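One structure below.
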Amino acid sequence: MRVVLMGPPGAGKGTQAEKLVEKFGMVHLSSGDIFRAEKASGSELGQKLAAIMETGALVPDDVVVEMMAKAIVAVEGSGLLLDGFPRTVAQGEALDETLTKMDAPLDAVVIIAADDDEIVGRITGRRSCPSTGKIYHVEYMPPKVEGIDDETGESLVQRDDDKEDVVRQRLEAYKKQTQPVIDYYRETGKVKIVEVDGMQSPDSVFADIAAALEAGEN
Ligand code: AMP
């Protein structure tokens with residue numbers, strides 16, 4: 001199964017991606033995670049990416065497309081869960097091209113909807129384990145011991161771009177640049193579009209997504 005997971009920052013894409021991978025076994029490719037790994041490597045490209053990400057703006061399409069196409073081709077033959085990519089229509093078109101060449105069309109685009117104020121609360125409370133990436137929320141999904149990862153015992157961290165002013169900028173980028181991607185998929189009419197209410201509990205959101213994807217398999 002090949003699925004694109006969309007939704008504003010903080011809609012719960014990361015949480016749902018974990019659950020989807022566990023149930024359907026596809027390879028999870030998160031553009032944000034790939035860029036953060038590049039940043040952590042200390043490379044020149046990583047430093048450039050970090051400077052953009054810190055502002056909440058989008059990384060230029062040519063850079064994104066090159067990195068993501070490479071990652072997608074590297075796992076050719078596997079199921080695919082794309083998370084955070086594509087985020088512009090140009091990226092959507094480039095993805096289509098890559099997948100067409102691989103003869104591996106998308107099965108579904110899943111959109112998790114959430115409202116702005118809820119998103120700001122969710123993101124600013126988000127913390128994660130620096131080594132495993134496991135996600136918590138100070139209020140809604142706290143670790144057993146405050147500030148500490150349940151499994152590794154490491155101190156949890158907040159992403160630089162999870163501060164409120166940056167979150168607002170990321171929401172703006174989503175509305176202006178990423179929402180048109182949804183229209184792009186609607187217009188092509190080639191892929192199933194699944195819209196779920198991201199304001200429910202994570203388990204309910206997951207149940208809705210899984211039911212829609214399984215219905216598509218029959
Ligand atoms: P995320 O973890 O998906 O929220 O991504 C964090 C940041 O990485 C975004 O705010 C952008 O600066 C950058 N980024 C991630 N994916 C993309 C993409 N597909 N296109 C452009 N920039 C991206």
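Remember, it's a predicted structure, so these values are computed and weren't measured experimentally. As the structure lists them, so they are numbered: ligands from 1, and atoms in each ligand from 1.
- Between Arg127 and Asp149 there is no salt bridge, since none of the side-chain N atoms of the basic residue sits less than 4.0 Å from a carboxylate O of the acidic one.
- Shortest contact from atom 15 (C) of ligand 1 to any protein heavy atom: Arg87 NH1, 3.4 Å.
- Salt bridge annotation for Glu164-Arg168: present, with a cationic side-chain nitrogen under 4.0 angstrom from a carboxylate oxygen.
- Gln158 places a side-chain N or O within 3.5 Å of a backbone atom of Thr124 that can act as its donor or acceptor partner.
- When hydrogens are left out, the protein atom nearest atom 20 (N) of ligand 1 is Gln91 NE2, 2.9 Å; that is the closest non-hydrogen contact.
- Contacts of Leu49 with ligand 1, taken as heavy-atom pairs under 4.0 Å, are absent altogether.
- Counting only non-hydrogen atoms, the option in Met67, Lys39, Arg159 that gets closest to atom 6 (C) of ligand 1 is Arg159.
- The residue among Lys13, Met68, Glu54, Met53 with a heavy atom at the shortest distance from atom 8 (O) of ligand 1 is Met53.
- The single protein non-hydrogen atom nearest to atom 4 (O) of ligand 1 is Arg170 NH2, 3.0 Å, given as residue, atom name and distance.
- Evaluation of the side chain to side chain donor-acceptor pair (under 3.5 Å) rule for Lys19 yields Asp203 as partners, not counting sequence neighbours.
- In terms of polar-atom proximity, defined here as any N/O pair under 3.5 Å, Val59 does make such a contact with ligand 1.
- Taking Ile, Leu, Val, Met, Phe, Trp and Tyr as members and joining any whose side-chain heavy atoms lie under 4.5 Å apart, directly or through other members, the hydrophobic cluster of Ile119 also contains Val120, Ile123, Val167, Leu171.
- Residue Leu58 places no N or O, backbone or side chain, under 3.5 Å from any N or O of ligand 1.
- Taking a cutoff of 4.0 Å between a charged side-chain nitrogen and a carboxylate oxygen, Asp83 and Lys13 do not qualify as a salt bridge.
- Atom 23 (C) of ligand 1 has as its closest protein heavy atom Phe35 CE1, 3.6 Å.
- The pair Asp116-Lys175 meets the salt-bridge criterion, since a charged nitrogen lies less than 4.0 angstrom from a carboxylate oxygen.
- Those atoms of ligand 1 with a heavy atom of Arg36 less than 4.0 angstrom away are 2 (O), 6 (C).
- Each of the atoms 18 (C), 19 (N), 20 (N), 21 (C) of ligand 1 lies under 4.0 Å from some heavy atom of Val64.
- With salt bridges taken as basic N to acidic carboxylate O contacts below 4.0 Å, none links Glu151 and Lys144.
- Heavy-atom proximity to Ser31, at under 4.0 Å, picks out these atoms of ligand 1: 15 (C), 16 (N), 17 (C), 19 (N).
- Regarding atom 11 (C) of ligand 1, its nearest protein heavy-atom neighbour is Ala57 O, 3.5 Å.
- Without hydrogens or angle criteria, Gln16 side chain to Gly12 main chain gives no donor-acceptor distance under 3.5 Å.
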